Amino acid sequence: MTIRLYNTLTRRKEEFEPREEGAVAMYVCGPTVYNHVHIGNARTFLTFDVIRRYLEWRGFDVTYVQNITDIDDKIIARAAEEGSSAEEVARVYTEAFLDAMRELGVAKPTAQPRATETIPEMIEMTERLIEREHAYVVGGDVYFSVRSFAGYGRLSGRDIEEVRSGARVDVDERKSDPLDFALWKAAKPGEPHWPSPWGEGRPGWHLECSVMSEKELGVSFDIHGGASDLIFPHHENEIAQSEAATGQPFARYWLHGGLLQVNAEKMSKSLGNFMLLRDVLDRYPAPVVRLLMLQTHYRSPLDFSLDRLDEARAAYERIETLIRNIRWTRGTTPTMEGRSEEERERLTAAISGAQDSFVAEMDDDFNTAGALGALFELVRAANTFMTASDSALATADLVALSDVEDVLVESLGALGVEIGGARQQGYPPEVVELARELAGYRGDDPAGAVDALLAARAVARTERNWAAADAVRDGLARFGISVEDTAQGARITLAPRS
RNA sequence: GGCGACGUGGCCAAGUGGUAAGGCAGGGGCCUGCAAAGCCCUCAUCCCCGGUUCGAAUCCGGGCGUCGCCUCCA
């Protein structure tokens with residue numbers, strides 16, 4: 001089965017055929033580090049992290065490159081505001097970005113070049129463009145001549161004449177055409193600058209992606225990603241620069257993620273309606289944030305809110321509870337009879353059905369929402385299986401349930417959603433006191449105390465002494481330990497965290 | 001004004017020609033000493049109008065509405 005993906009360049013879903021069999025070269029536009037990334041920025045990085053992980057899971061050898069723009073107008077402006085230097089601003093927010101990505105569970109790119117470390121290559125490409133008469137020097141600036149590149153506008157579906165008439169840009173008199181954009185900017189006083197054949201200056205924003213992708217991935221690499229607001233002009237300009245400089249096609253598949261919205265409006269720093277990723281992660285674990293994002297197709301807009309995060313948390317817990325229950329069941333004593341052959345077969349069919357659907361959905365332009373749906377269907381099948389009768393499970397039943405667990409953990413893992421992680425921080429020491437009080441416990445071991453409490457509760461229940469039984473359950477609940485009665489005995493669960 | 005995307009149950013969201021996945025929430029029931037977890041039932045004909053077709057949420061035309069890009073933007 002092949003993977004199909006939607007290519008912005010052709011506006012169609014296409015079969016994915018990497019230039020080199022079994023390997024994928026992809027480039028994703030990274031952040032400009034002038035502020036903390038917000039949850040909208042995070043969505044894009046998450047989207048491409050999932051695509052990357054899935055491709056790897058499908059057996060591709062993925063080279064994943066993401067730049068960090070650490071020199072730019074906005075960084076300079078921010079430095080002026082903070083009374084700091086551009087270098088310092090870039091350093092602080094680069095660190096913050098890397099931390100946030102780590103916390104979100106975004107896998108490290110194969111290469112993560114920074115603009116300020118790629119200056120010589122950018123100068124080199126600019127020289128190539130001047131040489132090929134696609135760029136010209138005015139004063140200390142160098143501009144790309146848009147009209148010199150025939151394919152301009154193909155990605156964004158724009159006509160050069162219309163771009164021009166609709167332009168709201170201030171026309172820079174030094175450009176020979178308003179459409180042209182800067183490859184190299186002469187430094188103004190007090191700005192960071194690097195030496196170049198055209199004097200001291202700094203690179204234009206669009207240039208770095210062309211240069212870095214060529215350096216790390218070569219020409220005509222496989223996938224170029226970014227959010228949809230980068231299609232024009234950023235990606236259009238990248239194509240123009242690279243193809244004009246090399247004479248070769250730039251990237252083969254262009255993938256663009258939908259924007260995150262708040263109250264049906266784009267989340268952006270300029271609108272001020274943003275929420276920082278770090279603040280969201282303070283309140284919700286990374287897998288929950290990821291699950292929320294993955295419940296919507298990556299190309300669609302996604303309206304973000306705390307309520308929706310709560311919903312995602314409930315959905316996450318549904319899967320987590322199942323996994324916990326399966327693991328607990330494995331510790332029970334198997335019987336000979338267990339579930340019927342028919343029930344077991346039904347579960348086995350549900351497992352392979354879920355696996356097949358998961359792959360089919362993901363292969364179809366990374367339909368994570370559909371893929372998650374398939375996993376939730378498996379969750380239901382497993383729950384049904386476990387509660388089909390009161391009798392204990394047979395060894396074969398436990399094996400089938402372990403398969404369910406494996407499929408869920410592995411499939412979610414392919415999407416970078418961690419689940420079922422160890423959660424053993426031990427019982428709080430206070431349970432010893434509770435056990436002394438309610439169960440006549442004499443030791444000082446918390447685990448032993450819990451055992452004593454459960455034993456006391458079991459006795460109380462057979463004696464129909466509900467007050468005593470509930471005292472144990474309520475007492476443990478105060479320490480975040482829940483007690484659930486099942487046909488196979490009491491199942492205790494330690495609440496997450498403290 | 002130009003280009004593009006979208007409009008599916010209370011909320012969110014898959015599905016893009018064969019009769020509506022999944023999640024969350026609500027109602028009813030089962031299980032339970034009570035609970036928890038879970039299961040079952042229940043809750044849509046897919047913005048509107050017209051057309052193509054044996055058949056359309058799915059294709060075409062028109063309308064209404066929302067969003068994005070056209071300026072830095074993930």
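Chain A is the first sequence line, chain B the second, and so forth, proteins listed ahead of strands; every chain is numbered from 1. Atoms considered below: every heavy atom in the structure, side chains included; atoms not considered: hydrogens, waters and symmetry mates. Every value quoted in this text rests on a predicted model; they were computed, and no experiment measured them.
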Answer yes or no: does a side-chain N or O of A:R380 lie under 4.0 Å from OP1 or OP2 of B:C40?
-> yes

> Is A:G40 touching bases, backbone alone, or none of the nucleic acid, heavy atoms closer than 4.0 Å?
Replying inline: base

Side-chain atoms of A:D229 come closest, of B:A35, B:C72, B:C69, to B:C69

- Message: Under 4.0 Å, counting only non-hydrogen atoms across every strand here, what does A:A369 touch: a base, just sugar-phosphate, or nothing?
- Response: base

Going by distance alone, is a donor N or O of one side chain under 3.5 Å from an acceptor N or O of the other, for A:Y143 and A:D177? no

OP1 or OP2 of B:G15 versus the side-chain N and O atoms of A:N367: is any pair under 4.0 Å?
yes

Once you apply a heavy-atom cut-off of 4.0 Å, does A:L230 come out as touching a base, just sugar-phosphate, or nothing? sugar-phosphate

Whole-Å P distance, B:A14 and B:C41 = 25 Å

query: Quick one: is A:N383 getting a side-chain N or O under 4.0 Å of the B:C39 phosphate, OP1 or OP2?
result: yes

Report task. Can you tell me, in whole Å, how much space there is between the P of B:A56 and that of B:G17? Result -> 14 Å

Is the distance between the ring centroids of A:Y253 and A:H224 under 6.0 Å? no

Closest to the 5' end of RNA chain B, once A:G30 and A:R473 are matched to their nearest nucleotides, is A:R473

Looking for any heavy atom pair under 4.0 Å, which part of the strands does A:L260 touch: base, sugar-phosphate only, or nothing?
base

| A:W466 on top of B:G33's base, within under 5.5 Å and under 30°? | yes

message: By the 4.0 Å heavy-atom rule, please label A:R12 as base, sugar-phosphate, or nothing.
response: nothing

A:F385 atom CZ is separated from B:C31 atom P, nearest whole Å, by 22 Å

Taken to the nearest whole Å, CD/A:Q295 to P/B:C12 is 13 Å

- Message: Using atom P in both nucleotides, what's the gap between B:G63 and B:G23 to the nearest angstrom?
- Response: 40 Å

Would you say a side-chain N or O of A:R318 is under 4.0 Å from OP1 or OP2 of B:G23?
-> yes

_Just to be sure I understand the rule, does A:S156 reach a base, reach only the sugar-phosphate, or reach nothing, if contact means heavy atoms closer than 4.0 Å?_
sugar-phosphate

Query raised in the report: Can a side chain N or O of A:S300 be found less than 4.0 Å away from OP1 or OP2 on B:A14?
Result: yes

Any donor-acceptor pair under 3.5 Å joining the side chain of A:R313 to the base of B:C24?
no

Quiz item: So what does A:V28 touch, heavy atoms closer than 4.0 Å: a base, only the sugar-phosphate, or nothing?
Solution: nothing

Sub-6.0 Å ring centroid separation between A:H235 and A:H256:
yes

message: Taking B:U8 as the reference, what is the distance to B:U58 when you measure between their P atoms (whole Å, please)?
response: 13 Å

task: Using a heavy-atom cut-off of under 4.0 Å over every strand shown, decide if A:D307 touches base, sugar-phosphate, or nothing.
output: nothing

| request: Quote, to the nearest angstrom, the P distance that separates B:C54 from B:C24. | output: 43 Å

Practice item. Decide yes or no, distance alone: a donor-acceptor N/O pair under 3.5 angstrom between the base of B:C34 and the side-chain of A:D485. Key: yes

| said: Classify A:H297 by what it touches in the nucleic acid, base, sugar-phosphate, or nothing, heavy-atom distance under 4.0 Å. | reply: sugar-phosphate

Checklist entry - Would a 4.5 Å heavy-atom cut-off, applied to side chains only, mark A:F16 and A:D363 as touching? => result no

* Asked: What nucleic acid atoms does A:M386 come within less than 4.0 Å of, heavy atoms only: base, sugar-phosphate, or nothing?
  -> nothing

For residues A:N237 and A:Y152, is any side-chain donor paired with an opposing acceptor at under 3.5 Å? yes

Taking for A:F376 and for A:E361 the nucleotide of RNA chain B with the nearest heavy atom, the one nearer the 5' end belongs to A:E361

*Does B:C69 have OP1 or OP2 sitting under 4.0 Å from an N or O in the side chain of A:K266?*
yes

Q. Do the side-chain N and O atoms of A:D49 and A:T47 include a donor-acceptor pair separated by under 3.5 angstrom?
A. no

Pair A:R346-A:T384, side-chain donor/acceptor within less than 3.5 Å: no

